[in-house]
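FYI, side chains are in, hydrogens and waters are out, and symmetry mates aren't considered; it's all heavy atoms of this structure. A, B, ... follow the sequence lines: proteins, then strands. Residue 1 opens every chain.
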Amino acid sequence: MQDDDTQNPAFLWVLQAESLWTTRAGTANKSCADCHGAPAALKGIAAHYPAWNSAAAAPITLAQRINLCRTTHQGAPDFPPESDPLLALTTIVGLHSRGQPLDIDETGPLKPFIQAGQTLFNTRQGQLNLSCANCHEDRAGHRLGGALIPEGHANGYPQYRLEWQKLGSFPRRLRACMLGVRAEPLPPNAPDATNIELYLATRARGLKVETPAVRP
Amino acid sequence: MPRPLINIPRKVKRGSSFDIRILLAHPMESGQRRDDFGKAIPRDIIRSVHCTYAGEEIIRVDLFPAIAANPFLVFSARAFESGPIVFTWTDDQGVASFDTVDLVVE
């Protein structure tokens, strides 16, 4: 399903993104296309996200980068997290990096944030007292109930999950895993979620971007 | 209603058969679920999909609640002349939607 774009339901969002891309918005009355040209002009960039943002002095996700363009360059209200337009635009940018190997600069200012993400990944949490690594490293390839435990790579987001019956972001996936161990899920735009995403991107260095992936 | 993804070959040889693939954007809410407050979520599914080719009906499909969101249909037809392939689908709210693609037969 993922390998055939005519079957991959995420392409319904790509279709939506194509029209959003050229829709003018905000006080600047500009569209993404007015400044960036075609989405293909942003080819390859998703392989470098989450990326350093000097204004925030922190890493930001691709979705947050797009919302920054909304607020600072378009003068429009940001899209709510997990909203269809935000997922759609993130997917179309991600799609133009499909096949590019993940490549995060691990030496610069991102370093402490990667380390923070790694610590979180290895910290036990929740009533079940399990860390991400307990499942995605120690038990990868085994089963949890009916589900195969994957290695926990985040190279296909936003992705279509059959269980969700729609497209979803990495933070949504993360909340599902945290609820699974009965921990308190991280709220939208939590810096810790970005740190985990960043660590996972370095852990998956060299794996290719698969956006938009399809998962059970 | 968001547009569907329709996939047919650009050009088809007269007399040969070809695949028509259509992915419809729809929640296909079964009517069996409840929201976070325990309230029943009303059923909202596509009930029927209908397709004509050069004015002739080539398929009519009834859909049921056990079908997942964003239904994907594949069927084949034989090419006899160039013309529009028109899709119509109707959901529980009675909304009928359309989309058309043109088939070129040589």
Side-chain angles (χ1 to χ4, degrees), chain A residues 1-23 39 79-92 95 98 146-147 156 158-169 172 175-176 179 182 184-185 187-188 211-216, chain B residues 1-12 17-36 40-46 49 51 59 61 63-77 85 87 89 91-92 95 97-101 103:
Chain A
M1 230 166 139
Q2 176 176 322
D3 289 342
D4 178 352
D5 292 352
T6 66
Q7 278 191 50
N8 183 342
F11 277 81
L12 292 168
W13 279 261
V14 174
L15 202 64
Q16 185 185 349
E18 281 166 2
S19 64
L20 281 169
W21 196 265
T22 52
T23 307
F79 294 119
E82 226 48 42
S83 62
D84 282 330
L86 186 58
L87 289 169
L89 288 169
T90 313
T91 303
I92 203 169
L95 174 65
R98 194 163 63 171
Q159 74 177 206
Y160 192 92
R161 274 202 86 202
L162 301 181
E163 188 191 313
W164 295 336
Q165 305 259 300
K166 78 186 292 279
L167 201 64
S169 68
R172 181 170 181 190
R175 286 196 288 279
L179 279 171
R182 299 192 200 137
E184 195 170 322
T211 305
V214 180
R215 293 288 182 272
Chain B
M1 176 72 52
R3 288 185 48 207
L5 276 173
I6 302 169
N7 215 276
I8 59 159
R10 280 260 128 264
K11 285 178 185 162
V12 192
S17 79
F18 62 99
D19 277 350
I20 299 173
R21 298 158 159 248
I22 175 164
L23 185 61
L24 294 160
H26 201 278
M28 296 295 283
E29 190 58 61
S30 69
Q32 304 292 325
R33 300 197 307 155
R34 285 173 186 280
D35 66 13
D36 293 345
I41 306 175
R43 196 183 100 158
D44 180 14
I45 66 165
I46 297 176
V49 182
C51 174
I59 196 166
V61 186
L63 273 65
F64 293 93
I67 294 172
N70 307 317
F72 177 61
L73 305 176
V74 184
F75 47 94
S76 44
I85 301 183
F87 300 87
W89 61 102
D91 69 9
D92 274 330
V95 185
S97 316
F98 304 89
D99 216 309
T100 305
V101 288
L103 183 74

Worksheet item: Which region of Leu15(A), side chain (C-beta onward) or backbone (N, CA, C, O), has a non-hydrogen atom less than 4.5 Å from a non-hydrogen atom of chain B, or is it both or neither?
Response: side chain

Worksheet item: Looking only at heavy atoms, what is the nearest atom pair of Leu86(A) and Pro80(A), with distance?
Response: CD2-O, 3.8 Å

Item to complete: Apply side-chain contact (heavy atoms from CB on, under 4.5 Å) to the pair Val61(B) and Phe75(B), showing each step before the final yes or no.
Response: CA-CA 11 Å; Val61(B) 186; Phe75(B) 47 94; 5.8 Å; no

Item to complete: Please state whether the side chain, the backbone, both or neither of Ile22(B) comes within less than 4.5 Å of a heavy atom of chain A.
Response: neither

Discussion item. If you compare all heavy atoms of Leu87(A) against all heavy atoms of Gly168(A), which two are closest, and at what distance to 0.1 Å?
Written reply: CD2-C, 3.9 Å

Worksheet entry | Over all atoms of both residues, closest heavy-atom pair of Ala69(B) and Pro27(B) | CB-O, 3.4 Å

Practice prompt. Please report the shortest heavy-atom distance between Leu23(B) and Pro9(A), naming the atom on each side.
Written response: CD2-CA, 3.5 Å

Discussion item. As an exercise, state the distance from CE of Met28(B) to CG of Leu63(B), rounded to the nearest 0.5 Å.
Written reply: 4.5 Å

Just by distance, which donor-acceptor pairs between chain B and chain A come in under 3.5 Å?
| residue | atom | partner | partner atom | Å |
| --- | --- | --- | --- | --- |
| Arg21(B) | NH1 | Asp4(A) | OD2 | 3.0 |
| Arg21(B) | NH1 | Thr6(A) | OG1 | 2.6 |
| Ala69(B) | N | Gln165(A) | OE1 | 2.8 |
| Asn70(B) | ND2 | Tyr160(A) | OH | 2.8 |

Worksheet item: Which atoms form the tightest heavy-atom contact between Ile45(B) and Pro65(B), and what is the distance?
Response: CD1-N, 3.8 Å

